[in-house]
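Before any comments, here is the structure.
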Amino acid sequence: TFLEKHINIIDFNNLSHNIYIPLSFLEQHLDLFNFYALSENAGIPLAFFEKHIVQVKWKCICINTSIPISFFEEHINKVNWKSICENESIPLSFFEEHIDKVNFDHMSYNSKIPTSFYDKYSDRLNESNWEDLGEKINLDVLFCNKYIDKLNFGSEPNFLPYVPRFFPN
């Protein structure tokens, strides 16, 4: 194959990010690949990770949007909660089921989390979480009005044009 023919000049760190890596080539040269990048790679099938579970980099696989929730449920004690909270393919029900493990510091990076979730668990948010939430541009008016004293809108340039619309005089 092309890859076999040029194996001496391949940058395996970069190739590890390629979603079209032939699995036979990957398996044959596994020791040359970067498992951090492979774990994030949405083109790698779940069966590969199950076969090589010891080498999985949990910080990375938890942000991989192609991994089904059942995999994380099966390996719940290995889940990296900072990373998985940023994964937009994880259903809200998973976070609610494991609310004591949710990392609210990283949850604000997940744009799929509705404000109703933050409202429901507002007692779990710290000052830093409120600051991060204040910089999201997808907050609804009712949420903003309810928590106006806690939200810190900072100087995020993307949000400032929306403030007058949310808080008219």
Side-chain angles (χ1 to χ4, degrees), residues 13-14 16-19 21 33-163 166-167:
N13 281 326
N14 282 333
S16 298
H17 292 277
N18 189 307
I19 61 171
I21 303 168
F33 281 88
N34 176 330
F35 246 88
Y36 288 94
L38 288 176
S39 295
E40 287 181 6
N41 190 328
I44 305 294
L46 180 61
F48 174 85
F49 294 120
E50 289 172 334
K51 181 178 178 183
H52 301 284
I53 196 75
V54 173
Q55 293 168 282
V56 165
K57 303 305 179 196
W58 287 93
K59 180 180 179 180
C60 300
I61 202 166
C62 287
I63 60 172
N64 187 330
T65 56
S66 72
I67 302 299
I69 193 68
S70 58
F71 178 82
F72 297 122
E73 288 170 341
E74 184 178 336
H75 302 284
I76 197 73
N77 292 329
K78 296 178 182 176
V79 166
N80 180 298
W81 287 94
K82 289 180 181 179
S83 296
I84 205 165
C85 287
E86 295 179 23
N87 187 332
E88 295 186 349
S89 71
I90 303 298
L92 195 58
S93 59
F94 178 82
F95 295 126
E96 290 189 309
E97 184 178 335
H98 303 285
I99 194 66
D100 290 333
K101 297 177 182 175
V102 166
N103 185 300
F104 283 94
D105 290 335
H106 287 258
M107 185 65 80
S108 65
Y109 298 117
N110 186 333
S111 66
K112 301 289 184 183
I113 304 299
T115 53
S116 59
F117 178 84
Y118 297 112
D119 190 27
K120 184 175 181 179
Y121 299 105
S122 63
D123 61 319
R124 295 175 180 263
L125 302 176
N126 62 35
E127 187 175 330
S128 175
N129 303 145
W130 287 108
E131 185 174 318
D132 291 341
L133 278 175
E135 294 179 356
K136 292 180 81 153
I137 63 169
N138 62 342
L139 297 177
D140 64 62
V141 176
L142 294 176
F143 183 84
C144 289
N145 284 333
K146 183 174 181 178
Y147 296 106
I148 188 68
D149 293 333
K150 292 185 177 195
L151 290 166
N152 179 351
F153 297 108
S155 60
E156 189 69 28
N158 292 337
F159 187 81
L160 290 179
Y162 298 96
V163 173
F166 283 156
F167 308 107

[X] side, atom [atom1]; [Y] side, atom [atom2] - distance, nearest 0.5 Å:
| X | Y | atom1 | atom2 | value |
| --- | --- | --- | --- | --- |
| Asn87 | His106 | CG | NE2 | 13.5 Å |
| Phe143 | Ser122 | CZ | OG | 7.5 Å |
| Ile90 | Ile84 | CD1 | CD1 | 4.0 Å |
| Leu139 | Tyr118 | CG | OH | 9.0 Å |
| Ser39 | Phe49 | OG | CZ | 5.0 Å |
| Trp130 | Ser128 | CH2 | OG | 12.5 Å |

Would you say that [X] contacts [Y] through its side chain, given a criterion of any heavy-atom pair below 4.5 Å between the two side chains?
| X | Y | value |
| --- | --- | --- |
| Val56 | Leu38 | no |
| Phe117 | Ile99 | yes |
| Cys144 | Ile148 | no |
| Pro91 | Ile69 | yes |
| Ile76 | Lys101 | yes |
| Met107 | Asn129 | no |
| Asp100 | Arg124 | yes |
| Asn126 | Asp105 | yes |

For this output row, return yes or no: ring centroids of Trp58 and His75 closer than 6.0 angstrom.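 Yes; His75 has its ring centre under 6.0 Å from that of Trp58.
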Closest contact, heavy atoms only, [X] versus [Y]:
| X | Y | result |
| --- | --- | --- |
| Asn110 | Glu86 | ND2-C, 4.0 Å |
| Cys62 | Asn80 | SG-N, 3.3 Å |
| Asn13 | Ala37 | O-CB, 4.3 Å |
| Leu46 | Pro68 | CD2-CG, 3.6 Å |
| Phe35 | His52 | CZ-CB, 3.9 Å |

Test item: side-chain donor near acceptor, Glu88 and Thr65, under 3.5 Å: no
Checking side chain to side chain contact (heavy atoms under 4.5 Å, CB included) for the pair Lys78/Phe72: CA distance, chi angles, key distance, verdict? CA-CA 8 Å; Lys78 296 178 182 176; Phe72 297 122; over 6 Å; no
Taking NZ in Lys82 as the centre, count heavy atoms belonging to other residues, nucleotides or ligands within less than 6.0 Å. Is the count above 12?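 No, not enclosed.
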Hey, is OH on Tyr36 packed in by over 12 heavy atoms from elsewhere, all under 6.0 Å? no
Test Ser83 against every option in Ile61, Asn103, Asn64, Ile63 by the side-chain contact (heavy atoms from CB on, under 4.5 Å) rule and name the one that passes.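 That would be Ile63; it is the only one of Ile61, Asn103, Asn64, Ile63 passing the side-chain contact (heavy atoms from CB on, under 4.5 Å) with Ser83.
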Is the side chain of Asn41 donor-acceptor paired with the backbone N or O of Asn18 at a distance under 3.5 Å, no angle test?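 Side chain of Asn41 to backbone of Asn18: a pair is present.
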In terms of ring plane angle, is the pair Trp81 and His98 parallel, tilted or perpendicular, where the classes change at 30° and 60°? tilted
Mind checking whether Tyr121 and Phe104 have parallel, tilted or perpendicular rings, split at 30° and 60°? tilted
List the steps and the verdict of salt bridge (charged side-chain N to carboxylate O under 4.0 Å, His left out) for Lys150 and Glu127. CA-CA 8 Å; Lys150 292 185 177 195; Glu127 187 175 330; over 6 Å; no
Given Phe95 and Ile113, is the side chain to side chain contact (heavy atoms under 4.5 Å, CB included) satisfied, shown in steps? CA-CA 10 Å; Phe95 295 126; Ile113 304 299; 3.9 Å; yes
